[in-house]
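Worksheet: the structure to be examined is printed underneath.
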Amino acid sequence: MLQGKNILIISPEPWSDMHISKHHYAIELTIRGNFVFFLNPVKNTPSLSIKIHPHFKVKNLFLISFSCIITYRAKFHFRWLFNLFLHTQIRRILHKIGRKIDIVWDFDRGHLYQDYSIFRSELNIFHPVDQGSETLPPQKRPDVIFSVSSEILDFYSQFTTPHKYFINHGLGDVFAELAKQRLEEEYTYEPNEKLEAAYIGNLMIPYIGHNAILNVIQNHTDVIFHFFGPYSLKLEKNLTLCAVNFINKLNSFPNVHLHGLTKKQDIVAKIRSADILFFYYHSAPGYNSDNTHKILEYLSTGRIVIGSVLSSYRNLNLYQQANTEEEWIAIFAKTVKQIGKHNTIEQQHKRLKFVLENTYNAQLTKINEILLNIHNIKQKKGTCK
C-alpha cells in the first residue's frame with residue numbers, strides 16, 4: 001500500500017535539519033520507494049512564487065515552498081478570499097509536480113486546507129501529533145485519522161469516519177541506533193561516581209514543572225544535571241517571565257550544565273552514560289498529559305526515566321510516573337538511593353525492546369497494515385453479491 005506512490009505531506013512546520021515526526025515520516029516513505037512531496041507552510045508574503053526542488057541528500061524527496069498573493073492574516077478575516085488564492089496556488093503546484101497525487105498525508109491540526117478535494121488524491125490521511133484547538137471543518141473528510149493518543153482521537157470524535165487509530169510517536173534513527181547498540185552490548189551497569197541526570201527538550205515551554213525540578217537539583221547536590229535544549233536568559237517575544245527566571249536559577253547551580261540547542265548525534269554521545277533521564281510537566285494550555293516523543297528518546301538509553309503521568313503509558317510500567325510535584329520529588333529521591341535496582345540489565349532490555357518496536361519504520365509498517373485492511377474492507381463492500 002505504501003510503496004510506489006506519489007505522496008504529498010502537508011506540514012505545519014517547514015523542512016529543517018531539526019527533524020520531527022513529519023520529516024521522519026517523509027524520509028521513511030522515500031526509503032519504501034515512494035515519491036514524497038513535502039509541502040511547507042505558505043509564506044506570509046504577497047507573491048505567486050512557487051519553488052519545488054529535490055532534497056540534496058534524500059532521493060525522491062521534493063520540498064515545496066510557496067507564497068499566496070494575499071497575506072496569511074486574510075485567513076482570519078476573509079477566509080473565503082484566502083481559500084480562493086490558496087487553492088489557485090495548489091492547482092499550480094500540482095501542475096508543476098506533474099504527477100497524480102495518490103495520498104495526502106496531513107499533519108496540520110490548524111487546518112490550513114479545509115477541503116482535501118483540491119488535491120484530487122485517492123487517499124487522505126489526517127495525522128495530528130498534538131492536541132488541536134479547532135475541530136475538523138465540515139468539508140474536510142479524511143479517510144483515516146492516526147494520532148499518538150486516545151485523547152486526541154476523541155477530540156475529533158464528531159467526525160463520522162470509523163477509521164481512527166492510535167499510532168505512537170516514532171523513534172528517530174539516531175536514538176534507534178543507540179538502543180540497538182546497547183541491546184547488543186555485553187555489560188553490567190555501574191553507576192557514575194556522581195550520578196548524572198539528563199533532560200532533553202525546549203526549556204522555555206510553559207508546562208515544565210519549574211518548582212519540582214529546582215527542588216530536586218537543590219536537594220541533590222551530589223547529582224550532576226544536564227539540560228539539552230534551547231533556552232533564553234532574557235525576556236523575549238513569546239517567552240514568559242517564569243521560564244526566564246527558571247533558566248537564571250538553573251544557571252546559578254554548580255551541579256547544572258546547560259548545553260543549549262544540541263544536535264541529536266551529540267546528545268546521544270553525551271546521554272549514553274547518564275544514570276537517570278527526567279522530566280516533569282504540569283497541566284497547561286497546549287499540554288494534555290497524554291504523550292510525548294521524549295519518552296522514546298529517553299528509553300533508548302535503557303536507563304530509568306522519572307516523569308509525570310502520561311495516559312498513553314499509564315499501563316505500560318516502563319518508567320517512574322508521578323501524579324503530583326510532591327510525589328515526583330519523592331520518587332526522584334528514592335530512585336537516586338536505589339539506582340542499581342532500577343537499571344538492572346533486565347530492566348534496561350525491557351525498555352530497549354519497547355523503543356525498537358516504535359521506530360518510524362515500525363510505525364509505517366503498522367500504518368501500512370491498517371491501510372491495507374481498510375482497502376480490503378472497501379473492496380468487499382463494493383463487491384456485488
Exercise. By side chain to side chain contact (heavy atoms under 4.5 Å, CB included), which residues pair with N60, not counting sequence neighbours?
Worked result: F35
Exercise. Can you name the closest pair of heavy atoms from K22 and V129 and give their distance?
Worked result: NZ-CG2, 3.9 Å
Problem set entry | No-hydrogen, no-angle side-chain donor-acceptor test under 3.5 Å, N361 and T359 | no
Identify every side-chain donor-acceptor pair in residues 100-108 under 3.5 Å, counting partners at least two apart or on other chains, and give the distances.
residue, atom, partner, partner atom, Å
K100, NZ, R120, O, 3.4
D102, OD2, N6, N, 2.8
W105, NE1, H127, ND1, 3.1
D106, OD1, D108, N, 2.9
D106, OD2, Y116, OH, 2.8
D106, OD2, K140, NZ, 2.8
D108, OD1, G110, N, 2.9
D108, OD2, H111, N, 3.4
D108, OD2, L112, N, 2.7

For this session: Go through the structure and list residues passing ring pair (Phe, Tyr, Trp, His ring centres under 6.0 Å) with Y207, not counting sequence neighbours.
Result: Y281, Y287
Exercise. Is there side-chain contact between Y313 and V305, with at least one heavy-atom pair below 4.5 Å?
Worked result: no
For this session: Name all residues meeting the ring pair (Phe, Tyr, Trp, His ring centres under 6.0 Å) criterion together with F227; count only those two or more places apart in sequence or in a different chain, and write none if there are none.
Result: Y199, F278
Exercise. Any chance NZ of K264 has more than 12 other-residue heavy atoms, nucleotides or ligands included, within less than 6.0 Å?
Worked result: yes
Exercise. Between V58 and F38, is any pair of side-chain heavy atoms under 4.5 Å apart?
Worked result: no
Exercise. In Å, rounded to the nearest 0.5 Å, how long is the span from CG of L84 to SG of C68?
Worked result: 9.0 Å
Exercise. Can you name the side chain to side chain contact (heavy atoms under 4.5 Å, CB included) partners of N34, sequence neighbours left out?
Worked result: K5, I7, L29, R32, V36
Seminar exercise, completed: To the nearest 0.5 Å, atom CG of L8 lies from atom CD1 of I90 at 7.5 Å
Exercise. Considering residues at least two apart in sequence or located in another chain, which fulfil the side-chain hydrogen bond (donor to acceptor under 3.5 Å, both in side chains) criterion with E122?
Worked result: none
Exercise. Any luck finding a side-chain donor-acceptor pair between E325 and H282 under 3.5 Å?
Worked result: no
Exercise. Any side-chain heavy atom of E297 within less than 4.5 Å of one from I271?
Worked result: no
Exercise. Does the gap between the ring centers of F332 and Y280 come in under 6.0 Å?
Worked result: no
For this session: Test S311 against E151 for side chain to side chain contact (heavy atoms under 4.5 Å, CB included), laying out the working first.
Result: CA-CA 9 Å; S311 60; E151 287 83 354; 2.7 Å; yes
For this session: Supply the atom-to-atom distance L364 CG to I31 CD1, rounded to the nearest 0.5 angstrom.
Result: 9.0 Å
Problem set entry | Heavy-atom side-chain proximity of I295 to F354 below 4.5 angstrom | no
For this session: Using only heavy-atom distances, determine whether the side chains of D275 and N343 contain a donor-acceptor pair under 3.5 Å.
Result: no
Problem set entry | More than 12 heavy atoms of other groups within 6.0 Å of Q139 CD | yes
Problem set entry | Within-4.5 Å side-chain heavy-atom neighbours: I276 and V223 | no
Exercise. Which of parallel (below 30°), tilted (30 to 60°) and perpendicular (above 60°) describes F37 and F62?
Worked result: parallel
For this session: Kindly assign one of parallel, tilted or perpendicular to the pair H257 and H259, based on the angle between their ring planes and the thresholds 30° and 60°.
Result: tilted
For this session: Please check if the side chain of H23 supplies one atom and the backbone of P14 the other of a donor-acceptor pair under 3.5 Å.
Result: yes
For this session: Mind checking the CD1-CD1 spacing from I50 to I64? Nearest 0.5 Å is all I need.
Result: 9.0 Å
Problem set entry | Greater than 12 external heavy atoms within 6.0 Å of H95's NE2 | no
Exercise. So do the side chains of K350 and L318 get within less than 4.5 Å of each other, counting heavy atoms only?
Worked result: yes
For this session: Check whether the side chains of R92 and Q89 place a donor and an acceptor atom closer than 3.5 Å, and report yes or no.
Result: yes
For this session: Step through the shown structure and confirm whether more than 12 heavy atoms of other residues, nucleotides or ligands are within 6.0 Å of CD on E185.
Result: yes
Problem set entry | Heavy atoms of other groups near D222 CG, more than 12 under 6.0 Å | yes
Problem set entry | Same apolar cluster (I L V M F W Y, side chains within < 4.5 Å links), L296/M18 | no
For this session: Taking the side chain as every heavy atom from C-beta outward, state whether S67 and P46 have any pair of such atoms under 4.5 Å apart.
Result: no
Problem set entry | Any side-chain heavy-atom pair of V355 and R351 under 4.5 Å | no
